[in-house]
Amino acid sequence: MPELPEVETVRRGLAARVSGASVAAVEVLHPRSVRRHVAGPEDFIARLVDRRFGVPERRGKYLWLPLDSGEALVAHLGMSGQFRIFDRAEDSDLGPHVRVRILLASGADMRFLDQRTFGGLAVDSVDARGVPTSVQHIALDPFDAEYDRDQAVARVRGRRTELKRALLDQQVVSGIGNIYADEALWRARLNFARPTDALTRAQGRLILDAAREVMAEALQLGGTSFDALYVKVNGESGYFERSLDAYGREGEPCARCGTLIRRVGFMNRSSFFCPRCQPTPRRRPSSP
DNA sequence: CGGAGCTCCTGGGGGC
DNA sequence: TGCCCCCAGGAGCTCC
């Protein structure tokens, strides 16, 4: 489940390995992985071959490599996307999940793998600030130099929904997925179902600062890896999983109060929380 | 037009 | 042992 820390870990890996590299050839092994490139796989390939990559950038869970053509190669990892870089292309034993291969002029082999194909690549135009068209609707993430926390708080409080829904809405604040939403809520001692329009400004700041903090700590450890579905560009795992306080800890004692962590369904996914530290709100989002 | 539900996808794992 | 079904969930899309 790549969220901001995992995507940033990948971005750093790509920055170290492919910044300034030129594309020699591209193979699209699964068309679904380039479905966001509406002009089709052939056009996708043509816009990459002989182009040179700049330094990769990221907003929220999107990352992109600027091209010397003025466009950008945009990537979203979805649920199971990975980039792997090999020094030399080896045609044998590609494995079942390699979806796109980008062979570099240096001889290196840059592979996009994606078991569930929720992720994908596209070549996209960029605006004057270098942001791809397909990323412009995404809110700034908490690590963006232009991020304004109080504006993000205002967006959360302006919604009429439940707090976790707002945290997961990439147009409110980007980069937060199910794991870090639960972790931030646990740290802020707020229940996922808290109505956003009843949240105080202080609570809004608390939850957004907690999200930023937990993602910063995860990034230090190279992100969260549950299994081989998320690895860095060199194939190594991150170590944040052992630091999680709520996510995946159903039935284990809360690190603050010892109450057993509960899991409930919410938005077609699981939410983990401490029923004592994060009590369920009495009323549903306010109604007339 | 904001909010909420649906849908895409595959492999691992649990249950029987 | 084998098979079936559920589950993981990001985000675009559709409907209300």
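A, B, ... follow the sequence lines: proteins, then strands. Residue 1 opens every chain. Atom set for the values below is all heavy atoms of this structure, side chains included, hydrogens, waters and symmetry mates excluded. If you're wondering where the values come from, they're calculated on a predicted model, not measured in any experiment.
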Residue-phosphate contact under 4.0 Å: [X] side-chain N/O, [N] OP1/OP2:
X	N	result
A:Asn268	C:dG9	no
A:Tyr247	C:dA8	no
A:Arg159	B:dG3	yes
A:Thr161	B:dG2	no
A:Arg263	C:dA8	yes
A:Tyr180	C:dG9	no
A:Arg269	C:dG10	yes

Please give, in whole Å, the distance from [N] [atom2] to [X] [atom1]?
X	N	atom1	atom2	answer
A:Gln171	B:dG2	CD	P	9 Å
A:Glu162	B:dG2	CD	P	18 Å
A:Asp114	B:dC8	CG	P	17 Å
A:Arg36	C:dG10	CZ	P	15 Å
A:Phe266	C:dG9	CZ	P	13 Å
A:Leu77	C:dG9	CG	P	16 Å
A:Met79	B:dG12	CE	C1'	13 Å
A:Arg155	B:dG3	CZ	C1'	17 Å

A:Phe266 and A:Phe192 aromatic ring geometry - parallel, tilted or perpendicular at 30°/60° bounds:
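Plane angle between 30° and 60°, so tilted.
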
Test ring pair (Phe, Tyr, Trp, His ring centres under 6.0 Å) applied to A:Phe118 - qualifying residues, sequence neighbours left out:
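Per chain and number, A:Phe118 pairs via ring pair (Phe, Tyr, Trp, His ring centres under 6.0 Å) with no residue.
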
Categorize A:His30 for me: base, sugar-phosphate, or nothing, with a 4.0 angstrom heavy-atom threshold over every strand shown.
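Answer is nothing: A:His30 stays at 4.0 Å or more from every strand.
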
Classify A:Tyr62 by what it touches in the nucleic acid, base, sugar-phosphate, or nothing, heavy-atom distance under 4.0 Å.
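Counting heavy atoms under 4.0 Å across all strands, the contact made by A:Tyr62 is with sugar-phosphate only.
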
I'd like to know if A:Arg165 reaches the base of B:dA4 with its side chain, counting only an N/O donor and acceptor under 3.5 Å.
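Looking at the base of B:dA4, it does not pair with any donor or acceptor on the side chain of A:Arg165 (distance under 3.5 Å).
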
Given B:dC9, C:dG9, C:dG12, identify the nucleotide with an atom nearest to the side chain of A:Thr117.
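Side chain of A:Thr117 sits closest to B:dC9.
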
Can you tell which of B:dG3, C:dG10, B:dT10 lies closest to the side chain of A:Arg99?
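The answer is B:dT10, which lies nearest to the side chain.
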
Got a salt bridge between [X] and [Y], using NZ or NE/NH1/NH2 to carboxylate O under 4.0 Å?
X	Y	value
A:Asp87	A:Arg17	yes
A:Asp209	A:Arg187	no
A:Asp169	A:Arg155	no
A:Arg36	A:Asp124	no
A:Arg47	A:Asp43	yes

Can you give the dot-bracket line for DNA chain C, where a pair is Watson-Crick or G-U wobble with both atom distances under 3.5 Å, crossing pairs use [ ], and | marks a partner on another strand?
.|||||||||||||||

Check against side-chain hydrogen bond (donor to acceptor under 3.5 Å, both in side chains), A:Thr133 and A:Ser125:
CA-CA 6 Å; A:Thr133 308; A:Ser125 56; 2.9 Å; yes

Relative to the 5' end of DNA chain B, which residue comes earlier, A:Arg32 or A:Met267, by the nucleotide with the nearest heavy atom?
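Its nucleotide being nearer the 5' end, the pick is A:Met267.
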
For A:Phe118 and for A:Ser134, find the nucleotide of DNA chain C with the closest heavy atom, then tell me which residue's nucleotide is more 5'.
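Nearer the 5' end of the strand: A:Phe118.
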
